[in-house]
Amino acid sequence: MTTRRRPQIASRKQPQQARSTALVAAILQAATQVLAQEGAARFTTARVAEKAGVSVGSIYQYFPNKASILFRLQADEWMQTTRMLRDILEDAGTPLLGRLRTLIHAFLRSECEEAQVRGALNDAAPLYRDSPEARKARAEGDLMIDAFMVEALPKAAAASRELAGELIFTTLGTVGKSFSQTRRTKAEIKAYADTMADMFCAYLQALRQD
């Protein structure tokens with residue numbers, strides 16, 4: 001029995017000069033457009049090259065295959081999400097429940113604004129979701145969430161904190177994905193986010209009183 005080989009997802013090299021940096025940026029912008037317009041199933045390196053106005057060979061200087069392009073788009077999205085989590089959850093100047101409320105609003109807005117690309121990246125996830133890079137990115141987010149839950153529930157048992165964190169953030173991610181599949185107005189996003197925030201804040205307050 002043969003073991004299926006995972007595609008290489010790491011970039012071949014990093015751009016060092018302004019010209020090469022601009023080329024990679026153009027490739028990634030084109031890749032985002034192709035992904036949004038045609039989805040993961042029809043996403044190819046050739047289509048990205050055509051959209052970017054470069055040769056396929058130019059793309060292969062930096063990305064060995066389409067999986068590596070998709071992973072780079074996903075990694076950039078993870079980086080933005082991680083930065084958002086850190087900026088909001090670690091803001092000691094804002095009350096804890098206020099941070100959670102802010103995060104819910106920011107997350108739902110982000111999900112709705114980038115729904116097409118996020119959906120296509122989810123479809124492409126089997127190409128890279130079990131890679132070491134993907135596991136590392138998820139672990140970084142998990143650590144920030146764990147730290148927030150320790151601050152939110154300092155007297156709770158570790159198992160209770162873990163359960164509460166998983167319930168809140170898994171629900172947020174699942175609901176955000178479902179909610180963003182339909183085009184939403186700003187008023188709809190705000191109303192939905194307010195309701196979710198009220199629910200999660202009430203849940204945390206109840207746990208803190210136990």
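Leu108 CG to Glu188 CD: the interatomic distance, rounded to the nearest 0.5 Å, is 12.0 Å. Distance check: Ser55 OG to Gln61 CD gives 7.5 Å after rounding to the nearest 0.5 Å. A distance of 7.0 Å separates CD1 in Ile189 from CD in Glu113, rounded to the nearest 0.5 Å. Taken from CG in Leu85 to CG in Leu143, the straight-line distance is 11.5 Å, to the nearest 0.5 Å. Here the straight-line distance linking atom SG of Cys201 with atom CE of Met196 works out to 11.0 Å at 0.5 Å rounding.
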Could you go through residues 23-39 and list every donor-acceptor pair under 3.5 Å that involves a side-chain atom there, pairing it with any protein atom two or more places apart or in another chain?
unit_1: Thr32; atom_1: OG1; unit_2: Leu28; atom_2: O; d: 2.9
unit_1: Gln37; atom_1: OE1; unit_2: Lys51; atom_2: NZ; d: 3.4
unit_1: Glu38; atom_1: OE1; unit_2: Arg47; atom_2: NH1; d: 2.9
unit_1: Glu38; atom_1: OE2; unit_2: Arg47; atom_2: NH1; d: 3.4

Show me the side-chain donor-acceptor pairs of residues 144-152 shorter than 3.5 Å, one per line, residues at least two apart or across chains.
unit_1: Glu151; atom_1: OE1; unit_2: Arg99; atom_2: NH1; d: 3.1
unit_1: Glu151; atom_1: OE2; unit_2: Arg99; atom_2: NH1; d: 3.4
unit_1: Glu151; atom_1: OE2; unit_2: Arg99; atom_2: NH2; d: 2.8

Which pairs of donor and acceptor atoms, one on a side chain in residues 156-168, lie under 3.5 Å apart (sequence neighbours left out)?
unit_1: Arg161; atom_1: NH1; unit_2: Leu153; atom_2: O; d: 3.3
unit_1: Arg161; atom_1: NH1; unit_2: Ala156; atom_2: O; d: 2.8

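Side-chain contact between Leu70 and Gln74 is absent, with no heavy atoms from C-beta onward closer than 4.5 Å. Residues Phe200 and Thr171 meet the side-chain proximity criterion, which asks for heavy atoms closer than 4.5 Å.
For Glu50, the CD atom sits in a loose shell: 12 or fewer heavy atoms of surrounding residues, nucleotides or ligands are nearer than 6.0 Å.
With Thr102 as the fixed residue, the side chain to side chain contact (heavy atoms under 4.5 Å, CB included) test singles out one of Asp91, Leu97, Ile88, Leu89: Ile88.
In this model, no donor atom of one side chain and acceptor atom of the other lie less than 3.5 Å apart for Gln80 and Glu77.
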Ile69 vs Tyr62, side chain to side chain contact (heavy atoms under 4.5 Å, CB included): CA-CA, chis, key distance, verdict: CA-CA 9 Å; Ile69 301 174; Tyr62 299 96; over 6 Å; no
Go through it in stages, so that I can follow the logic: the residues are Thr45 and Tyr60, the test is side chain to side chain contact (heavy atoms under 4.5 Å, CB included), and I'd like the CA-CA distance, side-chain angles, deciding distance and then a yes or no. CA-CA 9 Å; Thr45 304; Tyr60 285 150; 3.9 Å; yes
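Phe179 is linked by a ring-ring contact (aromatic ring centres under 6.0 Å, His included) to Tyr192, counting only residues two or more places apart in sequence or in another chain. Listed by chain and residue number, Arg101 satisfy the side-chain contact (heavy atoms from CB on, under 4.5 Å) test with Asp198 (two or more places apart in sequence, or in another chain).
Residues in residues 84-121 take part in no ring pair (Phe, Tyr, Trp, His ring centres under 6.0 Å) pair, two or more places apart or across chains.
Judged by distance alone, with hydrogens and angles left aside, the side-chain atoms of Thr82 form a donor-acceptor pair with the main-chain N or O of Trp78 at under 3.5 Å. Distance alone, capped at 3.5 Å, places no donor-acceptor pair between the Ser178 side chain and the Val175 backbone.
Nearest heavy-atom pair, Ser68 versus Pro64, reported as atom, atom and distance to 0.1 Å: OG-CD, 3.2 Å.
Tracing side-chain contacts under 4.5 Å through hydrophobic residues (I, L, V, M, F, W, Y), one reaches Ile104 starting from Met199; they form part of the same cluster.
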